[in-house]
Visitor: 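Input: one structure, supplied below.
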Amino acid sequence: MNDNLHQLRCFGCGERISGSDARPDFRCAQCGDLFEVEYPGWSQRKGPDRPNPGALKWLWRERRCSSESLDQSGVWRFRELLPILDSFGNAVTLREGNTPLYRLTRTAKALGIDQLFAKHQGMNPTGSFKDTGMTAALTVAKERGFEWVACASTGNTSAAMAAYAARAGLRSLVLIPEGKIAWGKLSQAMDYGAVTCQLKTDFDGCVKVLTEIVNRERIYLLNSVNPYRLEGQKTPAFEIAEAFDWTVPDHLIVPGGNLANSSALGKGFREMRELGLVSRMPRISVIQAEGANPLVRSFANSQGTALEPVEAHTRATAIRIGNPASWRKAARAIQDTGGWCLDVTETEIAIAKAELGAEGLGCEPASATTLAGLKKLRAEGKVGSGETVVLVLTGHTLKDADYTIDFHRGTLLNEQETAGHKTEIEALRRNAMAVEATPAAVLAAMKGSAG
Ligand code: F0G
């Protein structure tokens with residue numbers, strides 16, 4: 001079976017190449033920009049390769065009842081919209097995707113919005129949205145006969161890559177910034193058998209070292225410069241549209257680090273619109289941490305046309321990135337949809353994360369930027385009370401338990417950061433208490449913390 005119907009198009013100069021001609025660093029030989037996967041058959045209006053929207057909607061829903069592993073994957077269930085493999089039978093899957101869309105009733109009420117949802121990508125097999133992209137790109141590595149795969153990571157990509165590589169029987173190499181990733185993520189890379197190197201540099205430094213390595217040795221690069229990652233990562237857009245019965249929400253809010261996820265979701269919605277599956281795109285807004293905000297600066301200084309790298313600092317280590325690879329693609333998703341790019345402080349992230357936790361939906365700090373960003377957009381009058389808003393929560397709360405414990409113990413933020421927010425923070429903090437082992441003492445503790 002040959003299911004492969006794609007080519008790669010340079011995002012910068014428009015050069016088109018075949019997938020097998022991509023350079024090891026996935027940069028365009030002409031202009032150095034990144035590639036995007038495109039499907040030429042889709043532009044031929046009545047061509048045999050152009051998907052039929054009505055039939056697809058029916059088929060994708062039917063597959064939810066199937067016992068085939070490919071159908072049980074929330075990525076490959078939509079395989080007609082990502083025909084990147086030589087054969088779908090080769091797909092390496094952990095049944096990723098099909099993540100829940102939760103309603104956030106209390107937060108919605110507090111913000112004066114009717115319809116607020118969280119698409120929880122942390123409910124994927126390795127606990128982050130990276131699994132959806134990894135099943136796609138790692139399968140391409142397997143089909144092309146690679147023995148080694150590699151990534152530079154702030155933690156989640158490495159956890160996902162190591163797991164999928166182990167499933168496929170491939171070796172994996174992980175480069176992470178020493179001391180700057182959460183333990184949960186590091187432990188996963190170790191457990192899944194990756195060769196894990198902690199480098200004395202930041203994420204951007206790890207990317208530099210890895211680019212040289214893949215240009216020298218036959219190792220398949222699985223960072224999000226790899227355009228196949230984005231094909232998997234666009235599928236939550238399909239899930240969201242399906243959940244809203246093929247209407248789309250008004251506004252999608254996504255955290256921004258290396259800026260592939262916002263790019264991929266934008267591509268997913270754009271393709272659905274082009275194929276007639278939905279009639280419009282949601283606004284896509286990207287939220288960065290104040291100390292790691294190169295795209296926010298780019299919008300402020302040049303309407304998103306030029307990017308100056310920054311030295312990144314934030315406790316939301318997943319998005320501690322100063323030189324994001326996919327910034328042009330993300331800028332386009334924001335501009336095409338009339339979205340915004342803004343940043344939020346460490347305090348705003350910590351409070352938003354605790355608020356999501358209090359709704360029973362933990363997430364990692366990077367994911368909480370979305371709620372912090374929504375609060376700002378709402379305060380600035382950029383989100384109306386009648387709008388339907390979806391926050392994309394990218395990682396599971398257990399990825400970074402230290403952060404959560406520090407918040408509730410009151411040791412996360414410094415004096416300067418808590419100033420002006422003390423009452424709000426105290427109302428959210430739920431530190432564990434040392435209590436005498438008697439019913440009376442436990443009941444007294446319970447009553448003392450009521451409210
Ligand atoms: N949220 C989480 C939990 C992440 O792990 C990342 C990125 C992002 C948001 C940002 O997504 O980079 O596509 O804009 N983590 C990468 C990693 C960089 O190595 O795990 P992005």
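Remember, it's 1-based here, ligands and their atoms both numbered in the order they're listed.
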Visitor: Can Glu346 and Thr314 be counted as having a side-chain donor-acceptor contact under 3.5 angstrom?
Guide: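 A donor-acceptor contact under 3.5 Å links the two side chains.
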Visitor: Give the numbers and elements of all ligand 1 atoms closer than 4.0 Å to a heavy atom of Ser153.
Guide: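 That gives atoms 17 (C), 19 (O), 20 (O) of ligand 1.
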Visitor: Is Lys399 touching ligand 1 with its side chain, its backbone, both, or neither, if touching means heavy atoms under 4.0 Å apart?
Guide: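 Within the 4.0 Å criterion, Lys399 makes no contact with ligand 1.
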Visitor: Are Arg429 and Phe407 in a cation-pi contact, defined as NZ or CZ under 6.0 Å from the six-membered ring centre and within 45° of the axis?
Guide: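 Here Arg429 fails the 6.0 Å and 45° test against Phe407.
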Visitor: Quick one: which ligand 1 atoms are inside 4.0 Å of a heavy atom on Thr157?
Guide: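 Counting atoms of ligand 1 from 1, those under 4.0 Å from Thr157 are 16 (C), 17 (C), 19 (O), 20 (O).
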Visitor: List every atom of ligand 1 that sits less than 4.0 Å from any heavy atom of Ala260, numbering the atoms from 1 in the order shown and giving each element.
Guide: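 Answer, ordered by atom number: 13 (O), 14 (O), 21 (P).
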Visitor: Could you tell me if Asn156 and Glu364 have a donor-acceptor pair between their side chains, going purely by distance under 3.5 Å?
Guide: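 Result is yes, a qualifying pair exists.
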Visitor: Kindly check if the number of other-residue, nucleotide or ligand heavy atoms within 6.0 Å of CD (Gln416) is above 12?
Guide: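 No, CD of Gln416 has 12 or fewer neighbouring heavy atoms, counting only those of other groups under 6.0 Å.
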Visitor: Do Glu231 and Tyr39 pair up side chain to side chain, a donor and an acceptor below 3.5 Å, judged on atom types alone?
Guide: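 Tyr39 and Glu231 do have a side-chain donor-acceptor pair below 3.5 Å.
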Visitor: Check ligand 1 against Phe129 and write out every atom of the ligand that is under 4.0 Å from a heavy-atom position of the residue.
Guide: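 Those of ligand 1 that fall under 4.0 Å from Phe129 are 1 (N), 2 (C), 4 (C), 6 (C), 8 (C), 9 (C), 11 (O).
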Visitor: Specify side chain, backbone, both or neither for Ile321, according to which of its non-hydrogen atoms lie closer than 4.0 Å to ligand 1.
Guide: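 Looking at Ile321 and ligand 1, just side chain atoms fall under 4.0 Å.
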Visitor: Considering only protein heavy atoms, which is closest to atom 15 (N) of ligand 1, and at what distance to one decimal place?
Guide: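 For atom 15 (N) of ligand 1, the nearest protein heavy atom comes out as Lys130 NZ, 3.0 Å.
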Visitor: Below a 4.0 angstrom heavy-atom separation, can you tell me which part of Ala366, side chain or backbone, both or neither, approaches ligand 1?
Guide: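 Within the 4.0 Å criterion, Ala366 contacts ligand 1 through side-chain atoms alone.
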Visitor: Need the ligand 1 atom indices (1-based, order shown) with element for anything under 4.0 Å from a heavy-atom of Ile319.
Guide: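 So the answer, numbered in order with elements, is 8 (C), 9 (C), 10 (C).
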Visitor: As an exercise, identify every atom of ligand 1 less than 4.0 angstrom from a heavy atom of Glu364.
Guide: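 Taking each heavy atom of Glu364 in turn, ligand 1 has 3 (C) under 4.0 Å.
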Visitor: Run the ring-centre check on Phe244 versus Phe117 and record whether the distance is less than 6.0 Å.
Guide: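 Ring centres of Phe117 and Phe244 closer than 6.0 Å.
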Visitor: Hey, which atoms in ligand 1 end up nearer than 4.0 Å to a heavy atom of Asn156?
Guide: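 Result: 2 (C), 3 (C), 4 (C), 5 (O), 20 (O).
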Visitor: Judged on heavy-atom distance to atom 12 (O) of ligand 1, which of Leu295, Asn258, Asn261 sits nearest?
Guide: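 Heavy atom nearest to atom 12 (O) of ligand 1 belongs to Asn258.
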Visitor: Nearest protein heavy-atom contact for atom 9 (C) of ligand 1: which residue, which atom, what distance?
Guide: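 Atom 9 (C) of ligand 1 sits closest to the protein heavy atom Thr394 OG1, 3.6 Å.
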Visitor: Answer yes if the side chains of Tyr102 and Glu359 hold a donor-acceptor pair under 3.5 Å, and no otherwise.
Guide: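 Judged by distance alone, the side chains do not pair up.
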Visitor: Is a donor from one side chain sitting under 3.5 angstrom from an acceptor on the other, for Thr99 and Gln121?
Guide: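 Looking only at side-chain atoms, Gln121 and Thr99 do form a donor-acceptor pair, the distance falling under 3.5 Å.
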Visitor: Taking all non-hydrogen atoms of both residues, which atom of Val286 and which atom of Gly256 are closest, and how far apart?
Guide: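 The answer is CG1-CA, 3.7 Å.
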Visitor: Which part of Lys185 is near ligand 1, with near meaning a heavy atom under 4.0 Å away: side chain, backbone, both or neither?
Guide: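 For Lys185, there is no contact with ligand 1 at all, from either part.
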Visitor: Take a 6.0 Å sphere around CD of Glu380 and say whether it holds more than 12 heavy atoms from other residues, nucleotides or ligands.
Guide: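 Count over threshold, so yes.
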Visitor: Counting from 1, what ligand 1 atoms have a heavy atom of Thr154 closer than 4.0 Å?
Guide: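 Reading through ligand 1 atom by atom, the close ones are 15 (N), 16 (C), 17 (C), 18 (C), 19 (O), 20 (O).
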Visitor: Report yes or no: does Asn301 contribute a side-chain atom to a donor-acceptor pair with the main-chain N or O of Arg297 at less than 3.5 Å?
Guide: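 Yes; judged by distance alone, with no hydrogens or angles, the pair exists.
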Visitor: Does ligand 1 have an atom that lies less than 4.0 angstrom from a heavy atom of Gly256?
Guide: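 Yes, Gly256 has a heavy atom closer than 4.0 Å to ligand 1.
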Visitor: Looking only at distance, does Ala152 have an N or O less than 3.5 Å from an N or O of ligand 1?
Guide: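 No - when backbone and side-chain N and O of Ala152 are compared with those of ligand 1, no distance drops under 3.5 Å.
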